[in-house]
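Notes to accompany the following structure.
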Amino acid sequence: MKFLVPIQKAAVALSSALALAGCASLSPDGGGADVQALVAGNPLTGGANAQRAPDARSAEAVDALLARPLDAEAAVRIALVNGPRMQDAFATLQLSDAERVQAASLPNPVFAFSRLREGSALEIDRALRFNVLNLVALPWQARWAGERHEVAKLQAAQSVLLLAADTRRAWVRAVAARQGVSYMRDAKEAAEAGAELAHRMAQVGNWSALQRTREQLLLADAAAQLARAEQAAVASREQLTRLMGLSGARAASYTLPDRLPALPASAPDAGDVQALALRDRLDVRSAQMQNTATANSLGLTRATGLVNAMELGAVRNTVFGNGPDRARTTERGFELELPIPLFDWGQARNARAEALYLQSAARVRETGVRAASEARESLAHWNTAYAIARRYQDEVLPLRRQVNDEMVLRYNGMLSSVWELLGETRASMLAVNAAIEAQRDFWLADTDLQLALTGSAT
């Protein structure tokens, strides 16, 4: 279908689209500054800034942090400037920024040329066409792409918090495993002393073969537990190393503290965790923004349901005659091409768009329900882990030390045997190891709670 249309209307549509396209440009950092603002002040990051890619300056900072025993804050800083996951997250954000600019860019015009000959007559056709529908829908598409880019920023910020949380968890596990290895070595040494003493007593006939075998069994079990602890320490350290993006000499050179941080003196008041999660969690805000973008795309689909293409073109046809005078005639005008909606009335596109919106709305609700539930669960886990760790610190370990002191006094007074003293030593080491695990579980629960309130528990 071809119609002559006023040139003024085409000029108005083209000028407005040109003005809009002139406003679209790539962000210098792809939106990274906005991501930094979203995670600023979050306790998981500890005030550290994420970085798109390591450079010479960040490499020097990483080396300075690795030169001393690595605490949790330093590990997070290294992961946010050097971790491969950060580079992937910012590259994804940069891709979204490029898609935003592309959606707000004018569609390229199409130039058509044909050369036809009939006998000695020659006809040359030239046309310059624009997709008018894309020009009209350009503001809508630009706004939709901008909303999707805002969603991408929230998702990138969530990636920052997830990496920070994973790094904190890995650091806690690595330090706890290292601390546990130290106590398991002491337990093995105590078992070795018991086995050696049992062997000597059996040689002189003071112990039976059964008693000696039991001590040897304790030694074999202690050695196996030490091997498992050493392997767990290696695995947890390597997990931390991967998150920080370290390799080569860096991976082997850094040291961890000897023990985990002390427990807080008292449990802080977390407030209304449900309200905090629904207000601050990035996955909730991302789902809401995604729902808004989907609703806007539904409006665009409905607006173009019947006519999903429209091209406006300027046409110039020149015919060279084959007579003796070689006459030439030229035709000029405009043409408008529209699809005829005979078979496809857009019902399927509209139904698909509505289904996508309903799906997005359901995900918003599901995200809100999950956020509130995870916040309550994380708080309950935090309180339980804190109570257990405090019980070990304030009751179990002091009582165990008191029992050890009494046992030493009894042994010095020849009121108890060396076997009772060794047995009590092994029991004390097991209690200390259980206290380390309780302290580790608390710091893991603390990280989980912070993530459940501000980022996402997944």
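One-based numbering along the sequence shown.
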Please find the pair of heavy atoms, one from [X] and one from [Y], that lie closest to each other, and give the distance.
X      : Y      : result
Tyr392 : Pro398 : O-CD, 4.0 Å
Ala277 : Ala371 : CB-O, 3.8 Å
Leu379 : Leu449 : N-CD1, 3.8 Å
Trp443 : Pro261 : NE1-O, 3.1 Å
Ala170 : Leu243 : CB-CD1, 3.7 Å
Ile436 : Leu260 : O-CD1, 4.2 Å

Test log, rule side chain to side chain contact (heavy atoms under 4.5 Å, CB included), inputs Thr454 and Leu44: CA-CA 9 Å; Thr454 59; Leu44 289 173; 4.3 Å; yes

[Y] side chain reached by [X] side chain, heavy atoms, under 4.5 Å:
X      : Y      : value
His381 : Ser378 : no
Gln359 : Arg363 : yes
Leu66  : Leu246 : yes
Val175 : Arg259 : no

Inter-residue atom distance [X].[atom1] - [Y].[atom2], 0.5 Å rounding:
X      : Y      : atom1 : atom2 : value
Asn433 : Asp186 : CG    : CG    : 11.0 Å
Thr447 : Leu161 : OG1   : CG    : 12.0 Å
Leu444 : Arg440 : CG    : CZ    : 6.5 Å
Glu374 : Arg370 : CD    : CZ    : 5.5 Å
Asp97  : Arg148 : CG    : CZ    : 12.5 Å
Trp382 : Gln450 : CH2   : CD    : 9.5 Å

Throw together a table of side-chain donor-acceptor distances under 3.5 angstrom for residues 82-94, partners on residues two or more places apart or in other chains.
unit_1 : atom_1 : unit_2 : atom_2 : d
Asn82  : ND2    : Met244 : O      : 2.9
Asn82  : ND2    : Gly245 : O      : 2.9
Arg85  : NH1    : Asp166 : OD2    : 3.0
Arg85  : NH2    : Asp166 : OD2    : 3.0
Thr92  : OG1    : Asp88  : O      : 2.9
Gln94  : OE1    : Arg52  : NH2    : 2.8

When you look at CD of Glu366, are more than 12 heavy atoms from neighbouring residues, nucleotides or ligands closer to it than 6.0 Å?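 Yes, because the 6.0 Å sphere around CD of Glu366 holds more than 12 heavy atoms from other groups.
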
[X] side chain to [Y] backbone, donor-acceptor under 3.5 Å:
X      : Y      : result
Asn291 : Ala287 : no
Trp171 : Leu70  : yes
Ser253 : Ala249 : yes

If a pair satisfies side chain to side chain donor-acceptor pair (under 3.5 Å) and one of its residues is in residues 232-245, list it, with sequence neighbours excluded.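 Listed once each, the pairs are Thr241-Tyr254.
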
Tell me, which pairs form a side chain to side chain donor-acceptor pair (under 3.5 Å) where one or both residues lie in residues 60-73, sequence neighbours left out? Asp63-Arg250, Glu73-Arg168

Just to verify, which of Asn49, Thr45, Val160 counts as forming a side chain to side chain contact (heavy atoms under 4.5 Å, CB included) with Gln36? Asn49

Would Glu230 and Arg185 pass as an ion pair if we require N to O under 4.0 Å?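 Yes, Glu230 and Arg185 are salt-bridged.
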
Inspect the contact between Asp448 and Arg169 and indicate whether a charged nitrogen and a carboxylate oxygen are less than 4.0 angstrom apart.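 Judged by the 4.0 Å cut-off on N to carboxylate O distance, Arg169 and Asp448 do form a salt bridge.
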
Checking [X] now: which residues fulfil side-chain hydrogen bond (donor to acceptor under 3.5 Å, both in side chains) with it, not counting sequence neighbours?
X      : value
Arg178 : Asp258
Ser96  : His149
Glu150 : Lys153

For Leu263 and Arg390, run side chain to side chain contact (heavy atoms under 4.5 Å, CB included): C-alpha distance rounded to whole Å, both residues' side-chain angles, the deciding distance at 0.1 Å, then the answer. CA-CA 8 Å; Leu263 298 174; Arg390 291 294 302 187; 3.8 Å; yes

Do Thr367 and Asp283 pair up side chain to side chain, a donor and an acceptor below 3.5 Å, judged on atom types alone? no

